[in-house]
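Notes follow the structure.
Just follow the structure's listing: the first ligand is 1, and inside any ligand the first atom is 1.
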Amino acid sequence: MTRTVLKFGGTSVASKDALEHLVAIVRDLAGERVVVVSATAGTTDALHEAARAAEAGDADRAERIVRGLEAAHVRLAAAVGLQDAPGSEVERLTERAVSLLRSVAILHECTARTLDAIVAYGERVSAPLVAGLLHAHGVTAEPVSAEGLIVTDGAFGHANPLMGPTAERARRDLVPRLRAGAVPVVTGYIAATAEGVTTTLGRGGSDYSAAVLAAALGADELRIYTDVSGVMSADPRIVADAAPLAAISYAEAAELSYFGAKVIHPRTVLPAIEARIPVRILNTFAPADHGTTITAEPVVDGSVVKATTSLGGLGLITVQGAGMSGVPGFAARVFDTTAAERVSVLMISQSSSENSICLVVPKESTDRLRRALERMFSVELQRHDVERVTVEAPVAIVAAVGEGMRGTPGVAARVFGALGRGKVNVVAIAQGSSELNISLVVQEAQREAAVRAIHDEFDARH
Ligand code: ASP
Ligand code: MG
């Protein structure tokens, strides 16, 4: 008997249309099924906003927000033909959230632990709704709170699952239900410590919940249902004939998400990948689409550059000076400065003459970082060992990603040839030693042209 974990994201549970697709997908899948659900789209954000309002002392606004969520869920249940059953549950959960928010408003303080207890509302409400709906359509389904199932440490807001105790509880609580033919509908995102205190796994954490359960249950497949048909070969808003990728490796998925393709955060599916469970990204609204399968091992399919992605809104800072070559500790001081300023560095490149170090950072932090670097190197600037710290902004990183690039000669030449023909000026270049990505910096205005040029060059259909 195959065992599948199916995770449905926020937009996949937030409308009548989505829920009808969900029911058909779960009902029509053979074998043992575990469903993991997110809160309905926007709910977790709204709960954060309510918590902020309460912390600022505005208990009424906080309550209004939660009452709004309650009404939306009651409406959604009614829209799909569910009346009373989950209604009373929503009411009970709403009262609890309101009480928590009132306490926060009195204290003017919302700790990470309290915030987790408040935001848990979203998944606690969506799971019974989905289970009730499946039940109404003849699927024996049962809502299960992950608070008794996924055991984590006490890092509130971004807790770490403990695989041993979680696997034990999954065997104890889920397997008998699966054997009996029932479909557990588990709350994503939330969990609890061994002592039973509610935690959350970080924003977007339902994927993580699903991967942890897939690993704990030794599932045959983890399916992540979202509102797009997988990971695309490029952003379809930039490249009209971009297509979903049938299969990518975990390493490719990680590179793509780092450079802007945000379908999933690969780190969250790592527990499944490590357990060699294939992860499929599928579209709730077009369930027949093949989607993208993410696997632990590289997929050898003859492609070289599989996908081209880009990330804008960045600035390039160059620290330049002839007096820097061969001076040990120079780079360390550059990065001490970025660390002290808490600026995250997206890309680094250093010329081999050691005359310059380039850093790509978010555009908002470029001026602050430039000033900090000028302070750090004030003596060297006076002596002209460092000539200048320059900023170029706005720029974008464009990355060509594919395992097939490794060991294939001439890939860089093709990338730069295509960019040259596309009249794109390359400002800086970096290639990771893993050779599965070439990333380059271009002016923001040339970002789209660069993506199109590289995508077309490596598109097998051209
Ligand atoms: N509801 C949570 C969030 O919005 C978790 C998730 O959707 O995966 O972050
Ligand atoms: Mg989500």
Side-chain angles (χ1 to χ4, degrees), residues 5-15 18-19 21-22 34-52 65-66 68-70 72-73 76 90 93-94 97 100 110 112-131 143-147 149-150 152 155-161 166 185-192 198-215 222-228 231 253 257 261-272 279-285 294:
V5 175
L6 302 90
K7 181 262 172 175
F8 293 89
T11 52
S12 298
V13 292
S15 64
L19 288 168
H21 281 296
L22 178 153
V34 175
V35 170
V36 177
V37 291
S38 289
T40 57
T43 295
T44 308
D45 286 336
L47 290 162
H48 276 269
E49 199 187 322
R52 274 195 303 273
I65 293 171
V66 178
L69 294 174
E70 175 183 30
H73 283 88
L76 181 60
V90 174
L93 291 167
T94 304
L100 282 168
C110 187
R113 173 172 170 155
T114 305
L115 184 62
D116 279 354
I118 292 168
V119 298
Y121 176 83
E123 276 75 7
R124 281 188 183 148
V125 172
S126 65
L129 197 155
V130 169
V144 175
S145 171
E147 288 158 292
L149 185 61
I150 298 180
T152 68
F156 297 101
H158 50 88
N160 303 291
T166 301
V185 179
V186 183
T187 54
Y189 183 46
I190 63 178
T198 302
T199 56
T200 64
L201 307 184
R203 291 309 306 271
S206 297
D207 291 348
Y208 200 7
S209 311
V212 165
L213 290 178
L222 167 60
R223 296 185 172 193
I224 307 237
Y225 279 92
T226 177
D227 50 14
V228 292
V231 180
S257 96
K262 284 274 177 298
V263 178
I264 57 151
H265 290 279
R267 194 184 53 80
T268 61
V269 298
L270 194 56
V279 179
R280 285 179 74 187
I281 314 292
L282 290 156
N283 190 344
T284 303
F285 304 88
I294 304 175

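Residue Gly188 places no heavy atom under 4.0 Å from ligand 1. Heavy-atom separations between Gly9 and ligand 1 are all 4.0 Å or longer.
Numbered from 1 in the order shown, with element, the atoms of ligand 1 that lie under 4.0 Å from a heavy atom of Arg203 read 3 (C), 4 (O), 9 (O). Residue contact check: Ser38 has heavy atoms under 4.0 Å from atoms 6 (C), 7 (O), 8 (O) of ligand 1. Atoms of ligand 1 lying under 4.0 Å from any heavy atom of Thr44, numbered from 1 in the order shown and given with element: 1 (N), 2 (C), 3 (C), 4 (O).
The pair Asp45-Arg203 meets the salt-bridge criterion, since a charged nitrogen lies less than 4.0 angstrom from a carboxylate oxygen.
With 3.5 Å as the limit, one finds no donor-acceptor pair spanning the side chains of Thr198 and Asp116.
Residue Lys7 places no N or O, backbone or side chain, under 3.5 Å from any N or O of ligand 1. The shortest N/O to N/O separation between Glu123 and ligand 1 falls below 3.5 Å. When only interatomic distances are considered, the shortest N/O to N/O separation between Gly204 and ligand 1 falls below 3.5 Å.
Closest non-hydrogen pair, Ala39 versus Glu123, comes out as N-OE2, 2.8 Å. For the residue pair Phe8 and Thr284, the shortest heavy atom distance occurs at CD2-OG1, 3.9 Å.
The closest donor-acceptor contact from the side chain of Thr187 to the backbone of Ser145 lies at 3.5 Å or more, if one exists at all.
With Thr152 as the fixed residue, the side-chain hydrogen bond (donor to acceptor under 3.5 Å, both in side chains) test singles out one of Asn160, Thr199, Thr200: Thr199.
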